[in-house]
Amino acid sequence: MTSGCSIVWFRRDLRVEDNPALAAGVRSGKVLAVFIWAPEEEGHYYPGRVSRWWLKQSLSLLNSSLQNLGTTLITKRSTDSVSSLLDVIKSTGATQLFFNHLYDPISLVRDHRAKEVLTENGIAVRSFNADLLYEPWEVLDDEGRPFVTFSSFWDRCLKMPYDPQPPQLPPKRIISGDLSRCPSDTLVFENDSERGSNALLARAWSPGWSNANKALTTFINGPLLDYSPNRKKADSATTSFLSPHLHFGEVSVRKVFHQARTKQILWANEGNKAGEESVNLFLKSIGLREYSRYMSFNHPYSHERPLLGHLKFFPWVVDENYFKAWRQGRTGYPLVDAGMRELWATGWLHDRIRVVVSSFFVKVLQLPWRWGMKYFWDTLLDADLESDALGWQYISGTLPDSRELDRIDNPQIDGYSFDPNGEYVRRWLPELARLPTEWIHHPWNAPEYVLQAAGIELGSNYPLPIVTINAAKARLQEALTHMWQQEANSRAIIENGTEEGLGDSSEDPPIAFPQDMQMELDQEIVRNRTIRHYEDQMVPSLTTSLFRVEEDEEESSSDNRNLAHDNGRAEVPNDVLNRELLREPVRREDFGAQSVLPQFNIQIALRNSDDSPAESSSGPTSRRERDGGVVPVWSPANSSYSEDNSYLQRYPQINWRQLSQTG
DNA sequence: CAATTCTTGAA
DNA sequence: TCAAGAATT
């Protein structure tokens with residue numbers, strides 16, 4: 001085979017501009033652009049309907065751009081990306097693979113495996129940073145350790161001794177490898193029942209990298225100036241609307257950063273303080289996205305467990321009716337309900353409202369936060385595991401710089417500050433449309449004649465509050481007391497040396513998932529059925545494809561726990577392993593300043609891969625294993641709450657207990 | 001003018 | 001809750 005035919009493996013970098021992997025491929029000669037659709041690899045995080053809709057559009061636009069440049073996107077349907085890469089390599093004789101880094105736990109493991117397996121097969125593999133201003137391992141404190149609060153992290157990012165890579169132009173031309181030897185699979189992203197709902201999306205959104213650039217330009221030259229004063233408004237089009245574009249890598253975050261910074265300098269020179277401040281705030285939200293990758297890299301389990309270990313003892317309320325009421329927008333709190341209706345209808349929510357609904361979910365309903373996160377994952381157009389995990393952890397009080405654990409936001413008060421005239425509520429809750437502003441955020445206080453005039457019958461066509469704020473406060477206090485008590489008990493056990501560690505919540509029987517997560521707006525919401533569960537939560541399933549996967553699994557109820565861990569709920573290398581990772585010097589590729597992911601120096605992580613010893617034989621055979629094994633098997637040995645403790649102990653200067661305990 | 005109360009917003 | 005800044009006395 002001739003040298004120089006390389007594969008550019010597209011994933012969440014669906015752009016031709018400022019795409020280092022593509023640029024490297026083009027530089028090295030003939031290019032085959034490949035996209036592999038292997039959603040089963042994501043386990044529970046099988047992409048939701050709207051997210052798949054976006055991906056479909058985005059790929060089709062990427063393909064037209066590639067065709068203009070001289071090649072065609074090869075698409076493959078797979079359950080194992082790495083074997084599909086090998087197949088493509090074998091059929092085309094490619095000698096090199098280029099791809100851009102991802103930082104979610106599943107990708108970290110999968111990409112590492114790809115590197116190992118392909119290198120063994122004589123393929124030169126190179127990977128690049130295309131998703132971040134700085135790689136996670138570049139941003140460290142003075143002792144060389146990762147930051148644990150966002151503001152310290154972001155301060156350092158803004159003061160790094162070198163600037164982020166400037167964005168690169170798209171290639172002028174791509175010399176295509178031999179496409180005839182590698183036919184594409186037709187990828188199916190939606191089923192018939194989804195198609196109808198998706199049709200509406202196209203009215204509001206234009207996926208694809210060139211549209212992403214348009215959205216960026218529109219934002220930089222328009223709403224950016226007033227980003228700061230407008231950030232409180234739930235209802236106006238004042239955000240950048242870049243998040244889904246950024247999720248799929250349709251626009252490079254460095255380009256966004258450079259353009260915003262350029263504007264900022266311009267405004268600073270004009271003495272435009274407000275504009276300068278707006279850019280700071282906008283960049284901060286870009287910074288949060290960076291931080292979510294940073295967290296995911298440094299704490300790969302953060303999408304499924306609280307970072308602060310004591311949350312393990314929080315007695316979540318497991319009530320499917322609560323959960324359903326929240327999803328349907330029938331909690332009786334207009335701002336929350338409006339948000340949930342908008343989310344369902346459009347796949348979109350303003351950041352403020354995301355905070356309102358998720359805070360309500362965790363603090364008022366006290367439902368397990370991972371359920372809420374999973375629902376966001378299934379319904380958001382910009383669903384992003386790293387960002388959403390960070391957001392939910394922030395709301396749940398499980399990060400050192402989270403909101404206070406005992407803080408309950410009041411949707412009534414938030415309502416009057418984010419939606420002072422009630423327009424947002426009226427738009428999404430037509431049943432309240434005729435209620436005067438005075439009562440729009442607390443209809444339960446409205447006099448009977450007002451309700452009558454507005455055509456509202458509380459408890460009938462609009463619900464009474466599912467839980468009162470006062471009841472929620474009392475219940476939260478009780479739960480926190482319980483949590484700290486349990487935590488102290490557990491600490492005492494460790495100090496007595498009777499047990500190895502804090503144990504793991506997965507030893508307990510898991511909380512069953514709600515089976516029915518469909519929208520049934522007319523279903524009566526049953527109240528007074530509050531059951532407390534003192535165990536860790538499992539993620540509920542939503543998509544039909546997930547149901548299918550689970551039904552495949554024959555399991556007795558005693559196998560449930562293993563199911564949770566082996567079947568797709570990918571467990572990842574833990575903190576220790578990653579710190580191991582960080583200790584390694586960052587390697588640089590010879591051909592430039594692009595850094596590569598440090599080698600995963602771990603055996604456990606890949607225990608399940610083809611070439612590893614049959615260590616996993618002890619567990620029940622899981623779908624993962626049958627599929628060839630992509631994701632590491634979770635085991636208490638490599639992932640436990642004692643890790644979370646070490647997270648705390650590394651920062652003794654912070655009084656952790658006080659930070660999140662009630663005063 | 002400084003002291004003190006109020007308001008706002010928080011990754 | 002609490003710190004910072006605005007407003008008030």
Side-chain angles (χ1 to χ4, degrees), chain A residues 132-133 136 139 141 146-158 227-234 238-240 243 246 253 273-274 277-299 302-303 306-308 311 335 349-363 369 372-373 376 382 384-420 469 472-473 476-477 480 484 647 651 654-663:
Chain A
L132 295 175
L133 301 174
V139 187
D141 68 13
F147 291 98
V148 284
T149 58
F150 169 71
S151 58
S152 53
F153 164 81
W154 188 233
D155 279 354
R156 176 57 59 89
C157 286
L158 293 172
Y227 190 80
S228 172
N230 283 340
R231 91 201 111 111
K232 301 176 207 114
K233 295 180 188 165
T238 53
T239 62
S240 71
S243 54
L246 282 167
V253 75
K273 284 268 178 253
E277 179 57 19
S278 279
V279 176
N280 278 337
L281 274 163
F282 173 66
L283 289 180
K284 193 170 118 185
S285 64
I286 295 293
L288 283 163
R289 180 182 172 281
E290 297 272 309
Y291 192 57
S292 72
R293 271 75 180 148
Y294 189 78
M295 293 297 280
S296 175
F297 180 78
N298 287 307
H299 308 283
S302 63
H303 66 300
L307 228 39
L308 299 185
L311 257 290
L335 187 64
L349 274 186
H350 186 115
D351 182 57
R352 287 281 148 168
I353 305 302
R354 296 185 195 203
V355 170
V356 168
V357 300
S358 55
S359 169
F360 185 86
F361 184 94
V362 174
K363 300 294 178 66
W369 63 272
M373 186 176 108
F376 270 24
D382 59 3
D384 182 285
L385 196 53
E386 297 96 307
S387 291
D388 292 341
L390 180 67
W392 281 89
Q393 293 237 17
Y394 164 66
I395 292 300
S396 309
T398 66
L399 300 170
D401 49 353
S402 277
R403 298 191 151 196
E404 298 86 343
L405 219 43
D406 61 334
R407 166 175 165 178
I408 291 197
D409 293 304
N410 188 328
Q412 180 184 338
I413 293 165
D414 285 349
Y416 285 107
S417 69
F418 305 147
D419 180 32
I469 296 296
K473 276 183 184 158
L476 185 60
Q477 281 310 325
L480 291 175
W484 290 117
Y647 176 78
Y651 304 93
I654 301 171
N655 187 342
W656 296 89
R657 221 153 184 284
Q658 223 157 41
L659 267 174
S660 40
Q661 203 174 8
T662 58

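Quantities reported herein were computed from a predicted structural model and do not represent experimental measurements.
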Residues forming a ring pair (Phe, Tyr, Trp, His ring centres under 6.0 Å) with Phe376(A), sequence neighbours excluded: Trp392(A)
Taking salt bridge (charged side-chain N to carboxylate O under 4.0 Å, His left out) as the test, write out the residues that go with Arg352(A), two or more places apart. none
In the 5'-to-3' direction, what one-character label does each nucleotide of nucleotides 6-11 of chain B receive under the scheme B = base within less than 4.0 Å of a protein heavy atom, S = sugar-phosphate only, - = no such atom? ---SBB
Using the test salt bridge (charged side-chain N to carboxylate O under 4.0 Å, His left out), find all partners of Asp388(A) that sit at least two apart in sequence or belong to another chain. none
Among residues at least two apart in sequence or on other chains, which ones pass salt bridge (charged side-chain N to carboxylate O under 4.0 Å, His left out) with Asp419(A)? none
Got a sec, which residues hit salt bridge (charged side-chain N to carboxylate O under 4.0 Å, His left out) with Arg354(A), two or more places apart in sequence or on another chain? Asp382(A)
